[in-house]
Amino acid sequence: MEALKNKITNQGIVIGSEILKVDSFLNHQIDIKLLNEIGQEFKKRYSSSEITKILTVEASGIGIACIVAQYFNNIPVVFAKKNEATTMDTSVYEADVFSFTKNKNYKIRTSKKYIKKEDKILIIDDFLANGNAALGLIKIVRQAEANVVGVGIVIEKAFQNGRKCIEKEGVKVESLAIIKSLQDNKVVFK
Ligand code: 5GP
């Protein structure tokens, strides 16, 4: 997706050799025009699949998923929660996730009310690194005995092994920008 790649090239900040910061258009300030183009592109890539719900994880995934959902006939968006709240249902699906950026484990949870056996789910997230967030979401969908149609990622870092782990689960991955390396402060696309 050219518009996304241009944004990454012009505004992305490389941290070390593994992290890309995109706070100016995706992770802090959000470029809505770009998100609409992202939504259209995911719709194109999953046009032949029946999808009943989008699943993501808080916080960065929510804004993206909500705009993407508008291109899939306004289907509901469910986001897995990271913090246990007193208002959260006690009947939940949950999975352990190791955070690449925070270097620690956390749990993600969704209420059993919002994922049903008959659901066909598209998982959406901002980044794909080692695949832990996406694998946690796949685990949750499978606990509900629902169907994972695929994973849609805005920015994939191909030098990490997220894609391999997800495909090993038999799940399709579509990424809109694929980064080959982040060496010497430069983003190199695949
Ligand atoms: P994974 O679970 O695939 O290892 O990492 C994906 C999650 O970690 C994403 O939800 C994203 O929030 C965060 N993440 C991983 N790599 C990056 C990165 O280079 N930049 C940013 N901003 N977030 C990242």
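Atoms considered below: every heavy atom in the structure, side chains included; atoms not considered: hydrogens, waters and symmetry mates. For ligands, and for the atoms within them, numbers begin at 1 and follow the listed sequence.
- For atom 3 (O) of ligand 1, the nearest protein heavy atom (residue, atom name, distance) is G131 N, 2.7 Å.
- Cation-pi geometry between K190 and F159 is not met: the NZ or CZ atom fails to fall both under 6.0 Å from the ring centre and inside 45° of the normal.
- Among all protein heavy atoms, the one lying closest to atom 20 (N) of ligand 1 is L20 O, 2.7 Å.
- Between E174 and F42 the shortest heavy-atom distance is O-CE2, 3.8 Å.
- Of all protein heavy atoms, the one lying nearest to atom 6 (C) of ligand 1 is F127 O, 3.5 Å.
- Of all non-hydrogen atoms in L35 and G63, the two that sit nearest each other are CD1-O, 3.8 Å.
- Using a 4.0 Å heavy-atom cutoff, K157 is listed among the residues neighbouring ligand 1.
- For the pair A129 and ligand 1, the shortest N or O to N or O distance falls below 3.5 Å.
- In this structure, K157 and E18 approach most closely via the heavy-atom pair NZ-O, 2.8 Å.
- Listed by atom number, the atoms of ligand 1 under 4.0 Å from N27 heavy atoms are 22 (N).
- For atom 2 (O) of ligand 1, the closest non-hydrogen atom of the protein is A133 N, 2.8 Å.
- Looking at atom 4 (O) of ligand 1, its nearest protein heavy atom turns out to be N130 N, 2.8 Å.
- Near N132, meaning under 4.0 Å from any of its heavy atoms, are these atoms of ligand 1: 1 (P), 2 (O), 3 (O), 4 (O).
- No salt bridge links K82 with E58; every basic N to acidic carboxylate O contact stays at or beyond 4.0 Å.
- At a threshold of 4.0 Å, the pair K172-E167 does not count as salt-bridged, since none of the basic side-chain nitrogens sits closer than that to a carboxylate oxygen.
- Counting only heavy atoms of the protein, atom 11 (C) of ligand 1 lies nearest to D126 OD1, 3.4 Å.
- No side-chain heavy atom of V154 sits less than 4.5 Å from a side-chain heavy atom of F127.
- Considering only non-hydrogen protein atoms, atom 10 (O) of ligand 1 sits nearest to D125 OD2, 2.8 Å.
- Summarising the geometry of A177 relative to K5, their closest heavy-atom pair is CB-CG, 4.4 Å, with the distance given to 0.1 Å.
- Scanning the protein for heavy atoms near atom 8 (O) of ligand 1, the closest one is T101 OG1, 4.4 Å.
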